[in-house]
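Let me begin by presenting the structure, written as structure tokens, before commenting on it.
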Amino acid sequence: MRYVDEFRDIGLINKISQRINSIMPRQNINIMEVCGTHTQNFFRFGLDKLLPDNLKLISGPGCPVCVSPQEYIDRAIQLAQDKDNLILTFGDMLRVPGTKSSLEKERAKNGNVRIVYSALDSLTVARQSPLKKVIFLAVGFETTAPTIALSLLSAKKQNLKNLFFLSSLKLIPPAMDYLARDKRLKLSGFLCPGHVSCIIGTQAYEFILKKYKIGCCITGFEPLDILEGIYFLIQQFLRHKPCLKNQYTRAVSPQGNPAAKKVISRVFKVSSASWRGLGKIPDSGLKIKDEFSLFDAEKNFSFNDQRPTTNDQRPKCRCGDVLKGLISPQVCPLFSKACCPEHPIGPCMVSNEGACSAYYKYRK
């Protein structure tokens with residue numbers, strides 16, 4: 001199969017892992033893989049077993065479910081408790097705990113939470129449910145924002161009056177900026193997310209190089225992609241010449257996707273956003289523009305926002321520190337004990353792209 005099998009060739013995988021081991025210095029090297037799919041595939045394909053112990057891959061905040069703040073989940077739950085509303089969400093959001101409940105529990109009680117697989121599905125549901133106020137939970141990064149923007153524009157074109165979007169959309173580069181400033185992480189490089197980079201292009205990361213002298217490599221998601229990205233970053237480190245490298249040239253261009261960026265800017269405005277574990281980061285979110293306020297759930301519903309629990313999470317849950325890259329999942333006292341995929345306490349155990357979930361499945 002073109003573009004899959006050739007990137008899973010065991011001979012080539014062993015060859016490049018041997019190269020990495022041959023050039024690896026004695027000192028520790030910390031590389032952050034920003035995307036949750038990188039995290040999952042790194043362990044799924046056993047790449048951690050091929051690399052030297054002093055090469056540490058740190059999971060970044062690239063899972064949309066994991067970084068959705070607790071107050072956002074609480075707002076969605078409040079909406080779900082009204083029998084006149086119908087909540088549409090991607091499946092992973094169902095089990096993320098809010099302060100007192102979850103969407104999964106609300107669905108069991110009220111039956112007005114439905115899973116969809118695309119933002120465009122919200123148009124069909126809204127047309128088929130004229131007596132309901134249909135609210136789509138708009139989460140994700142630059143990758144999902146274009147489709148959500150198109151859905152909103154279609155809703156306006158179709159003159160739908162009962163469809164709303166509750167936005168928790170986020171932008172990756174400001175989060176990387178936040179993490180690059182944290183000296184505790186001692187980052188030697190970023191594996192930049194391939195999917196997001198398809199939209200925003202390579203140029204979006206140039207500031208990381210200029211401000212922090214930290215190397216960046218945009219990387220695909222197959223085993224050879226990930227290993228080659230790591231190899232490029234170690235080479236940069238050894239040469240003391242951090243740079244911006246694009247390993248994922250088959251999908252990412254310097255300019256990204258102009259049409260997608262255009263539709264995002266048509267519908268959304270950049271604003272501050274709260275990230276679970278990281279707090280509020282300036283210019284890291286997307287809010288619906290005022291001209292589309294008829295579709296903005298924040299403008300059309302009232303919320304009794306509850307004060308988040310300590311560190312925006314359950315007591316003893318250390319998802320926030322995992323998302324900052326300060327600890328690995330096993331360090332959390334709840335990991336594989338009170339918190340497991342069947343009974344997740346924190347969001348990193350809920351999502352398939354969460355670091356705790358990946359560690360539990362492949363390293364437990």
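- Other residues, nucleotides and ligands contribute at most 12 non-hydrogen atoms within 6.0 Å of the CG atom of D53.
- For Q40, the side-chain hydrogen bond (donor to acceptor under 3.5 Å, both in side chains) test picks out no residue, with sequence neighbours left out.
- In this structure, the separation between CE on M24 and CD1 on I230 is 10.0 Å, given to the nearest 0.5 Å.
- Atom-to-atom distance recorded for I73:CD1 and I77:CD1 is 7.0 Å, nearest 0.5 angstrom.
- Using a distance-only test at 3.5 Å, with no hydrogens or angles considered, no donor-acceptor pair links the side chain of S102 to the main chain of G98.
- A salt bridge does not link E142 with K170: every distance from a Lys NZ or Arg NE/NH1/NH2 to an Asp or Glu carboxylate oxygen is 4.0 Å or more.
- The pair D5-R8 does not meet the salt-bridge criterion, since no charged nitrogen lies less than 4.0 angstrom from a carboxylate oxygen.
- Between T89 and V116 the shortest side-chain heavy-atom distance does not fall below 4.5 Å.
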Step by step, work out the side-chain contact (heavy atoms from CB on, under 4.5 Å) result for L137 and Y72. CA-CA 9 Å; L137 303 186; Y72 180 80; 3.5 Å; yes
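- Both L88 and Y117 sit in one connected hydrophobic cluster of ILVMFWY residues. Membership requires side-chain heavy atoms under 4.5 Å apart, directly or through other members.
- A donor-acceptor pair under 3.5 Å is absent between the side-chain atoms of Y231 and the main chain of I16, judged by distance alone.
- Rounded to the nearest 0.5 angstrom, E222 CD and I13 CD1 are separated by 9.0 Å.
- Looking at S101 and E106, their side chains do bring a donor and an acceptor atom within 3.5 Å of each other.
- Not less than 6.0 angstrom separates the ring centroid of F42 from the ring centroid of F221.
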Let me check something: any side-chain donor-acceptor pairs from residues 250-257 under 3.5 Å, sequence neighbours excluded? List them with distances.
residue: R250; atom: NH1; partner: D225; partner atom: OD1; Å: 3.0
residue: R250; atom: NH2; partner: D225; partner atom: OD1; Å: 3.4
residue: R250; atom: NH2; partner: D225; partner atom: OD2; Å: 2.7
residue: S253; atom: OG; partner: G256; partner atom: N; Å: 3.1
residue: S253; atom: OG; partner: G256; partner atom: O; Å: 3.2
residue: N257; atom: OD1; partner: A259; partner atom: N; Å: 3.1
residue: N257; atom: OD1; partner: A260; partner atom: N; Å: 3.0

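- Side-chain contact annotation: T99 with D74, donor-acceptor N/O pair under 3.5 Å present.
- Nearest heavy atom pair, residue I214 against residue L209, reads O-CD1, 3.7 Å.
- Taking 4.0 Å as the cut-off between side-chain N and carboxylate O, K287 and D296 do not count as a salt-bridged pair.
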Derivation and outcome, ring pair (Phe, Tyr, Trp, His ring centres under 6.0 Å), residues F232 and F237: CA-CA 9 Å; F232 287 148; F237 179 82; over 10 Å; no
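- Panel note: side chain S167, backbone L286; a donor-acceptor pair is recorded below 3.5 Å.
- With sequence neighbours left out, F43 forms a ring-ring contact (aromatic ring centres under 6.0 Å, His included) with Y359.
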Kindly determine whether T39 and E33 satisfy side chain to side chain donor-acceptor pair (under 3.5 Å), including the steps that lead there. CA-CA 7 Å; T39 304; E33 88 286 6; 2.7 Å; yes
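- Centroid-to-centroid, the aromatic rings of H195 and F141 stay 6.0 Å apart or farther.
- Between the side chain of E6 and the backbone N or O of V4 there is at least one donor-acceptor pair closer than 3.5 Å.
- In terms of heavy atoms, C317 sits closest to I345 at CB-CG2, 4.2 Å.
- A donor-acceptor distance shorter than 3.5 angstrom exists from the side chain of R95 to the backbone of P341, with no hydrogens or angles considered.
- Here CG of L323 is found 10.0 Å from CH2 of W275. Values are rounded to the nearest 0.5 Å.
- Contact record, R114 with L86: NH2-CD2, 3.8 Å, taken as the closest heavy-atom pair.
- Contact between P61 and V67 at its shortest, heavy atoms only, is O-CG1, 3.4 Å.
- Contacts of F301 classified as side chain to side chain contact (heavy atoms under 4.5 Å, CB included), with partners at least two apart in sequence or in another chain: L79, N85, K133, I135, F164, A297, F303.
- With N304 contributing its side chain and Q78 its backbone, the two residues share no donor-acceptor pair below 3.5 Å.
- Across every non-hydrogen atom of P193 and C35, the tightest pair is CB-CB, 3.6 Å.
- Side-chain contact of S188 with K186: a donor-acceptor pair under 3.5 Å is absent, judged by distance alone.
- The side-chain heavy atoms of K289 and F268, taken from C-beta on, include no pair separated by under 4.5 Å.
- Side-chain contact check for T147 versus S118: some heavy-atom pair is nearer than 4.5 Å.
- Side-chain contact between I87 and N112 is absent, with no heavy atoms from C-beta onward closer than 4.5 Å.
- The residues E104 and R107 are annotated as not salt-bridged, no charged nitrogen and carboxylate oxygen being separated by less than 4.0 angstrom.
- Between the side chain of S129 and the main chain of A126, no donor-acceptor pair closer than 3.5 Å is present.
- Contact record, K316 with C332: O-SG, 3.8 Å, taken as the closest heavy-atom pair.
- For N246 (side chain) and Y248 (main-chain N/O), a donor-acceptor pair under 3.5 Å exists by modelled atom type.
- Here K280 pairs with S272, S274 under the side chain to side chain contact (heavy atoms under 4.5 Å, CB included) rule; sequence neighbours left out.
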Apply the test side chain to side chain donor-acceptor pair (under 3.5 Å) to residues K56 and N54: give CA-CA distance (whole Å), side-chain angles for both, the deciding distance (0.1 Å), then the verdict. CA-CA 6 Å; K56 183 180 179 184; N54 59 332; over 6 Å; no
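- K211 contributes atom NZ, which lies 14.0 Å from atom CD of E206 (distance to the nearest 0.5 angstrom).
- A donor-acceptor contact shorter than 3.5 Å is absent between the side chain of K245 and the backbone of G215.
- Using a 4.5 Å heavy-atom threshold, the side chains of N21 and Q18 count as separate.
- Residues forming a side chain to side chain contact (heavy atoms under 4.5 Å, CB included) with A155 (at least two apart in sequence, or on another chain): L123, L160, L163, F295.
- Open room surrounds NZ on K15; 12 or fewer heavy atoms of other groups in view lie less than 6.0 Å from it.
- Checking side-chain atoms of Q247 against main-chain N and O of G220 turns up a donor-acceptor pair under 3.5 Å.
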Start with the C-alpha distance between L185 and N30, add both sets of side-chain angles, then the distance that settles side-chain contact (heavy atoms from CB on, under 4.5 Å), and finish with yes or no. CA-CA 8 Å; L185 297 177; N30 294 339; 5.9 Å; no
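- Ion pairing between a basic and an acidic side chain is recognised when a charged N comes within 4.0 Å of a carboxylate O; R19 and E228 show no such pairing.
- Residue K213 places its NZ atom among 12 or fewer non-hydrogen atoms of other residues, nucleotides or ligands, all under 6.0 Å distant.
- Residues Y362 and D48 have side chains that never bring a donor and an acceptor to within less than 3.5 angstrom of each other.
- To the nearest 0.5 angstrom, I218 atom CD1 is 4.0 Å from S197 atom OG.
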List the steps, then state whether side-chain contact (heavy atoms from CB on, under 4.5 Å) holds for R181 with Y212. CA-CA 8 Å; R181 288 198 301 269; Y212 304 105; 3.0 Å; yes
